[in-house]
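In what follows, every heavy atom counts, from backbone to side chain, and hydrogens, waters and symmetry copies are set aside.
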Protein chains: 2
Amino acid sequence: MTFVLAVDDDPAILRTLSINLRARGYDVETAGDGRSALQIVQERMPDVVILDLGLPDLDGVAVLKRLRSHAQVPVVVLSARHESDDKVEALDEGADDYVTKPFDMEELLARVRAAIRRTGGDGAPFVVEVGDVRLDITERQATRNGEEVRLTPTEWHIVEVLARREGRLVRQAELLHEVWGPGYDRETNYLRVFLAQLRRKLEADPARPTLFITDPGIGYRLVV
Amino acid sequence: MTFVLAVDDDPAILRTLSINLRARGYDVETAGDGRSALQIVQERMPDVVILDLGLPDLDGVAVLKRLRSHAQVPVVVLSARHESDDKVEALDEGADDYVTKPFDMEELLARVRAAIRRTGGDGAPFVVEVGDVRLDITERQATRNGEEVRLTPTEWHIVEVLARREGRLVRQAELLHEVWGPGYDRETNYLRVFLAQLRRKLEADPARPTLFITDPGIGYRLVV
DNA sequence: ACTCGGCGTCAAGATCGCGTCAAGATCCGC
DNA sequence: GCGGATCTTGACGCGATCTTGACGCCGAGT
């Protein structure tokens, strides 16, 4: 399981990061300051670090240096828009990538994935293969009979949640909650629409699905 | 045993929560206000907290903060739909999950399981096996001689209630109450119809049931 | 032996959930 | 600001599921 360390002084941001990363199957640790971040690193080397620059104790760049001094762990830097100088400095110092606050979660996740991939990953490529369909979750690449199939972000998100529990049941409310967030727990028509789209794109016979199975009244599952 | 703390100012809700959680094997404590909730937390750290926002003394968000300040216990928030969105948003930053009232019990239970699973606790898989019949309650998968048997939502619900008390008697009114809700306590013909269906699908000889036993005039039980 | 209550069985009608489609609304890159 | 992709929303038909009523059987009580 990929291990991600998130470092930020704002607990709210740590929280959202934590939730979103965990929801995508990462193992997450958080740190509110540079000191504890370095401590965690010493205990267990992360596969990627998400690092805010504005920390209460050490400077973010200092943390970055210390990290780099004896490890090649990829670092994605978070920075407020106005700290442009720091940003440059951070990149100089070896940050792999950066995202400016306020950031879009999808974008950050994409960068995290990219950072992991660039360093060879932790050897946890996440691929589901069924018949002539191949779903590479980490790379976000879907093929059918070798031909590429384009999936929209929402479609990917659904596939991801289902694939993480391959074969097992995912309840409607749960799926809605994971993909659309809280408050959408009852919008089951979304599921109907998107599952239909996924089937049209991926199933041999969309009317007789073999991949995306419906458990009427309960939820869906991805059969492998 | 997993320890759940439920916090709500409405005794009725606390009651249903308590009953349902206990029925599923959780150890439950309840608190009617923020102060007592925090007190309980100090005495014994729960594995998960279910927290309503509208508390008589402290604000729910305040309780959440206090909880968060020195513990990473997962919190599932209950919130009424009409409460302002920004409150919900603020919550979103601190809570692991939330469910809007009026909530579906199954849904809430799913969230509680998810919250526990996320923090390493084990979600309890629930499987009943008798002869060549296998009933996986959490996954909603039934097999007979290895072959999958499809059960409808209501059938599952009945199986679930019976399975939870494996072997022990469940009174008619009780079963009706659990599955169809209050006001159906006398519709015993429902039970006759559905039990017959279950037997037809699962029993070797539906006329001579060995799984779903009738106690005439009293109720039913699932023999294991 | 007859009656009666409770149960299992069956089938028809009502209802619900799902898949499908299409028309706005919204987002995003150019 | 424009145009295409994507997401949201509403409507509709169909099949599965649930509800409802009727009937016959069996055992207990009279």
Side-chain angles (χ1 to χ4, degrees), chain A residues 102-107 110 140 142 148-160 162 169-173 175-176 178-181 183-221, chain B residues 104 106-107 140 142 148-159 169-173 175-176 178-181 183-221:
Chain A
F103 58 90
D104 172 45
M105 185 52 68
E106 279 307 319
E107 186 188 329
R140 299 245 154 163
E148 178 162 357
V149 178
R150 284 183 58 83
L151 299 186
T152 70
T154 309
E155 285 163 7
W156 269 120
H157 208 322
I158 292 172
V159 167
E160 200 176 318
L162 290 176
L169 173 71
V170 180
R171 281 156 203 284
Q172 293 176 344
L175 192 49
L176 284 163
E178 283 251 29
V179 176
W180 279 270
Y184 286 77
D185 299 1
R186 287 159 209 272
E187 306 279 357
T188 59
N189 48 329
Y190 287 12
L191 296 181
R192 296 210 296 280
V193 171
F194 278 89
L195 266 291
Q197 254 162 25
L198 282 169
R199 282 170 180 152
R200 203 175 319 134
K201 288 182 178 181
L202 295 171
E203 297 266 8
D205 180 1
R208 250 174 280 284
T210 60
L211 256 175
F212 298 96
I213 303 297
T214 303
D215 276 81
I218 323 267
Y220 294 86
R221 66 180 91 204
Chain B
D104 173 42
E106 277 308 315
E107 188 186 318
R140 298 255 152 147
E148 180 163 354
V149 179
R150 291 186 63 84
L151 300 186
T152 70
T154 310
E155 286 163 8
W156 270 119
H157 207 168
I158 293 172
V159 167
L169 174 71
V170 180
R171 287 169 190 285
Q172 294 175 343
L175 194 48
L176 285 163
E178 281 248 32
V179 176
W180 281 270
Y184 287 77
D185 298 4
R186 284 157 210 278
E187 306 280 356
T188 59
N189 47 329
Y190 287 11
L191 295 181
R192 296 208 297 279
V193 171
F194 278 91
L195 266 292
Q197 252 161 29
L198 281 170
R199 282 168 180 154
R200 201 175 322 133
K201 289 183 178 180
L202 295 171
E203 297 266 8
D205 180 2
R208 248 172 276 282
T210 60
L211 256 175
F212 297 95
I213 303 297
T214 303
D215 277 82
I218 325 251
Y220 295 86
R221 68 201 143 108

> Rounded to whole Å, how long is the line connecting atom CG of B/L176 with atom P of D/dT19?
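Rounded to the whole Å, the gap is 11 Å.
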> Contact class for A/Q172 (heavy atom, under 4.0 Å): base, sugar-phosphate, or nothing?
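A/Q172: backbone/sugar contact only, no base atoms under 4.0 Å.
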> What distance do B/R171 atom CZ and B/R221 atom CZ have between them, rounded to the nearest 0.5 Å?
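The CZ atom of B/R171 sits 12.0 Å away from the CZ atom of B/R221.
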> Please tell me if A/R150 has a side-chain N or O lying less than 4.0 Å from either OP1 or OP2 of D/dT6.
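True: A/R150 side-chain N/O within range (under 4.0 Å) of D/dT6 OP1/OP2.
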> From A/T154 OG1 over to A/L198 CG, what is the distance, rounded to the nearest 0.5 angstrom?
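Atom-to-atom, A/T154:OG1 and A/L198:CG are 10.0 Å apart.
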> Between A/E203 and A/F212, is there a donor-acceptor pair closer than 3.5 Å when you use the side chain of the first and the backbone of the second?
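Checked: pair present.
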> Contact class for B/Y220 (heavy atom, under 4.0 Å): base, sugar-phosphate, or nothing?
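Here B/Y220 touches the backbone only, sparing every base.
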> Is the phosphate of C/dG17, meaning OP1 or OP2, less than 4.0 Å from a side-chain N or O of A/R192?
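Result: no.
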> Report which part of the nucleic acid B/T214 touches: base, sugar-phosphate, or nothing (heavy-atom distance under 4.0 Å, all strands).
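Sugar-phosphate, backbone atoms only, no base.
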> Rounded to the Å, how far apart are B/L195 CG and D/dC18 P?
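Spelled out: CG on B/L195 to P on D/dC18 is 14 Å.
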> To the nearest Å, give me how far apart CG (A/D215) and C1' (D/dT17) are.
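Distance, rounded to whole Å: 15 Å.
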> Among the candidates C/dG19, C/dG8, C/dT20, find the nucleotide nearest to the side-chain atoms of A/V193.
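Looking only at side-chain atoms, A/V193 lies closest to C/dT20.
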> Within the structure, does a side-chain N or O atom of B/Y190 lie under 4.0 Å from either OP1 or OP2 of D/dC18?
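No.
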> Going from CD1 on B/I213 to CZ on B/R199, what distance comes out if it is rounded to the nearest 0.5 angstrom?
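These two atoms lie 7.0 Å from each other.
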> Just checking A/R200: base, sugar-phosphate only, or nothing, at a heavy-atom cut-off of under 4.0 Å?
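Touches nothing.
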> Would you say D/dT8 has OP1 or OP2 under 4.0 Å from some side-chain N or O of A/W180?
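Yes, such a contact exists.
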> CG of A/L198 versus P of C/dC18: gap in Å, rounded?
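Between P of C/dC18 and CG of A/L198: 16 Å.
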> What nucleotide among D/dA11, D/dT8, D/dT19 has an atom nearest to a side-chain atom of B/F194?
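From the listed options, D/dT19 comes nearest.
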> Whole-Å distance between C/dA11 C1' and B/Q197 CD?
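Interatomic distance, CD of B/Q197 to C1' of C/dA11: 12 Å.
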> Between C/dC18, D/dT6, D/dT20, which one does the side chain of A/P153 approach most closely?
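The nucleotide sitting nearest to the side chain is D/dT6.
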> Do the ring planes of B/Y190 and B/W180 sit parallel (below 30°), tilted (30 to 60°) or perpendicular (above 60°)?
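The arrangement is tilted - the two ring planes meet at 30° to 60°.
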> Are B/E155 and B/R140 within salt-bridge range, i.e. N to O under 4.0 Å?
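B/R140 and B/E155: not salt-bridged.
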> Which nucleotide in the list D/dC7, C/dC7, C/dC10 gets nearest to the side chain of A/T154?
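Comparing D/dC7, C/dC7, C/dC10 against the side chain of A/T154, the answer is D/dC7.
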> Taking CZ from B/R208 and P from D/dC26, how many angstroms apart are they, rounded to a whole number?
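Distance check: B/R208 CZ to D/dC26 P gives 11 Å.
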> Does D/dC18 have OP1 or OP2 sitting under 4.0 Å from an N or O in the side chain of B/T152?
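Checking D/dC18 against B/T152, a side-chain N or O does come within under 4.0 Å of OP1 or OP2.
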> Round to a whole Å and report the spacing from CG of A/N189 to P of D/dC12.
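Nearest whole value for this atom pair: 15 Å.
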> Distance check needed: D/dT19 C1' versus B/E155 CD, whole Å only.
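Going from CD in B/E155 over to C1' in D/dT19 covers 14 Å.
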